[in-house]
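Here the structure comes first, spelled out in structure tokens, and everything after it is commentary.
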Number of protein chains: 2
Amino acid sequence: MHDQHSQALKGLKLKATPKRLAILNLLAEESVYTSPEEIWRKLQGKFGRLGLPTVYRNLEELAAGGMISKVIHPNRQLYYYFCPNRHHHHHFICISCRKVEDIDFCGMEEITKNVSGTVLSHIVQVNGLCRACSNRQEGGAS
Amino acid sequence: MHDQHSQALKGLKLKATPKRLAILNLLAEESVYTSPEEIWRKLQGKFGRLGLPTVYRNLEELAAGGMISKVIHPNRQLYYYFCPNRHHHHHFICISCRKVEDIDFCGMEEITKNVSGTVLSHIVQVNGLCRACSNRQEGGAS
DNA sequence: TGCGTAAATGGAAATCATTTCTTTTTAGAA
DNA sequence: TTCTAAAAAGAAATGATTTCCATTTACGCA
């Protein structure tokens, strides 16, 4: 896994620095979306020190390279790692536990048909409660 | 139109102040997405004065009431007015002229089928060039 | 038609996530 | 091992958005 990441970084012409790998590994551990600040906090102490701007810079570069994705959020940057070899998939995010799941449907073909201009990009994000959180809520006393 | 807006505001328990109506009318004139700052600039001079916080506050209230919509944008608030009586439609936005068009397709039913949890909300936005901007680009010399 | 009150507004100041700047350190190719 | 471009630290800047609070205003009701 570590090695796989290093290779991927090489492909993007990004150096495989320990901090960059740590950020990537942290995100890859779980499919859960995370804020830069949170990543920064979790990695403090290791490597001597880690600057918050470094986290921001790395996340942006990794997202630009397609290794991680960004959650649509009105006033925050949130990133998650997902399925490196499956491109162009959309995700279902659990607003409770922040887990990210794949959605096996896009629907863009149909949408494109209904647009008279040129489609350049599209955003699809489904928000909700994952099975586990949904059950927990159902069962829980109010 | 003016009256229609007043009625709608009444329904939302928002007072039909001149400034609020002016913001709404400005957005309703064209289906083009606009920033708070731009609205503020355009309305300066009329009404003596208009505070930027007032614009922000109003846009937020109007969006909460479903009278206007928000563009998905990573670091800016952009709003547009669209089809007051057609709810739950998605839009195609032209990144060149900023015009907003309706998309007659959602695809949420199918998406929902593929999700194991509970869907609470979803975001769909298609970005591109409208017919006019697309043609202009094609024809123009580089 | 005039009052009273909750809502709306202005303007200044605060917030705060994100970015920029500059210097120092480091990965990795030669 | 050396060299160079990329990466990182830390402090400071940015800038869109929000908050605060004193003042004004819309509009329901008498």
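The model shown is predicted, which means the values in this text are computed figures rather than measured ones. Throughout, protein chains are lettered first and strands after them, A, B, ... in sequence-line order, and every chain is numbered starting at 1.
- Judged by closest nucleotide on DNA chain D, Gln77(B) is the one of Leu14(B) and Gln77(B) placed further toward the 5' end.
- Distance alone, capped at 3.5 Å, places no donor-acceptor pair between the Gln125(B) side chain and the His90(B) backbone.
- Checking the phosphate oxygens (OP1, OP2) of dA8(C), a side-chain nitrogen or oxygen of Arg20(B) falls inside 4.0 Å.
- Between the C1' atom of dT17(D) and the CD1 atom of Ile39(B) lies a distance of 14 Å, rounded to the nearest Å.
- Asn58(B) has its CG atom 13 Å from the C1' atom of dA26(D), to the nearest Å.
- In terms of modelled atom types and a separation under 3.5 Å, the side chain of Lys19(A) and the main chain of Arg49(A) share a donor-acceptor contact.
- Distance, Leu24(B) CG to dA8(C) P: 14 Å, rounded to whole Å.
- Atom CG of Leu50(A) is separated from atom C1' of dA7(D) by 12 Å (rounded to the nearest Å).
- Residue Arg57(B) is classed as a base contact, given a heavy-atom separation below 4.0 Å to a base.
- Using a 4.5 Å heavy-atom threshold, the side chains of Glu110(A) and Lys113(A) count as touching.
- The interatomic distance linking Leu9(A) (CG) with dA7(D) (C1') rounds to 13 Å, in whole Å.
- For the OP1/OP2 pair of dA9(D) and a distance below 4.0 Å, the side-chain nitrogens and oxygens of Lys19(A) include at least one atom meeting the criterion.
- At dT15(C), none of the side-chain N or O atoms of Asn75(A) fall inside 4.0 Å of OP1 or OP2 (strictly under the cut-off).
- Rounding to whole angstrom units, CG of residue Leu52(B) and C1' of dT17(D) are separated by 8 Å.
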Apply side chain to side chain donor-acceptor pair (under 3.5 Å) to the pair His73(B) and Tyr33(B), showing each step before the final yes or no. CA-CA 11 Å; His73(B) 190 283; Tyr33(B) 62 84; over 6 Å; no

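- At a threshold of 4.0 angstrom between heavy atoms, the contacts of Pro74(B) with the nucleic acid are absent.
- The OH-C1' distance, from Tyr56(A) to dA17(C), rounds to 5 Å in whole Å.
- Position along DNA chain D of the nearest nucleotide to Thr54(A) versus Thr17(B) favours Thr54(A) as the more 5'-ward residue.
- Remark: P of dT9(C) and CD of Gln44(B) are 14 Å apart, rounded to the nearest angstrom.
- Under a 3.5 Å cut-off, the side chain of Arg76(B) and the backbone N or O of Ser35(B) do not form any donor-acceptor pair.
- Each of Lys15(B) and Gly51(B) has a nearest nucleotide on DNA chain C; the 5'-most of these lies closest to Lys15(B).
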